[in-house]
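One-based numbering along the sequence shown. Below, each value reflects all heavy atoms present in this structure, side chains not excepted, and no hydrogens, waters or symmetry copies.
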Amino acid sequence: MYFTLLITVLLTAAVLVLGAYVVAKLIGPRSYNKVKGEPYECGIPTRGSSWLPVSIGFYLFAVLFLMFDIETVFIYPWAVVVKQFGPMALVSIGFFLLVLVFGLAYAWRKGALEWK
């Protein structure tokens, strides 16, 4: 039963995606020229290559943001059911927060939070 449902969902998704693609190709505008293919930045024509190296600081900052954002996502359900689980819930979230605090301290000490 679940296999049939899975196949039905996958086929429906494939048909909808293919249908949207076909409709866009049929009724979409067909105006092609060199200017439309160029990158656009605030009305100023680009000079040189548009592919510039990105600082690793952006990546580190994003990973740290995700780490603490996911922490918030996990703390909310815990807060909802903490009375049901008693002291064990307190110990588990304490360990979870301890690991995150160590992660923050490590990132802080390594200078990952400094914007250079």
What I'd like to find out is whether the side chain of [X] reaches to under 4.5 Å of the side chain of [Y], using heavy atoms alone.
| X | Y | answer |
| --- | --- | --- |
| Leu97 | Glu71 | yes |
| Phe68 | Thr72 | no |
| Val91 | Phe95 | no |

Do [X] and [Y] sit in the same hydrophobic cluster, where Ile, Leu, Val, Met, Phe, Trp and Tyr count as joined when their side-chain heavy atoms come under 4.5 Å apart?
| X | Y | result |
| --- | --- | --- |
| Phe85 | Leu90 | no |
| Leu64 | Ile75 | yes |
| Val82 | Phe74 | yes |

_Checking the side chain of Trp78 only, and the main-chain atoms of Ala89 only, is there a donor and an acceptor separated by less than 3.5 Å?_
yes
Measure the spacing between [atom1] of [X] and [atom2] of [Y] and express it to the nearest 0.5 Å.
| X | Y | atom1 | atom2 | result |
| --- | --- | --- | --- | --- |
| Leu100 | Ile70 | CG | CD1 | 10.0 Å |
| Phe65 | Phe61 | CZ | CZ | 9.0 Å |
| Leu11 | Leu16 | CG | CG | 11.0 Å |
| Thr4 | Ile7 | OG1 | CD1 | 8.0 Å |

_For the student: nearest non-hydrogen atoms of Lys25 and Arg30, plus distance_ =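 Looking at all heavy atoms of both residues, the shortest contact is O-NH2, 2.7 Å.
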*Can you see which heavy atom on Leu104 is nearest to which on Met67, and at what distance?*
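For Leu104 and Met67, the tightest heavy-atom pair comes out as N-CE, 4.5 Å.
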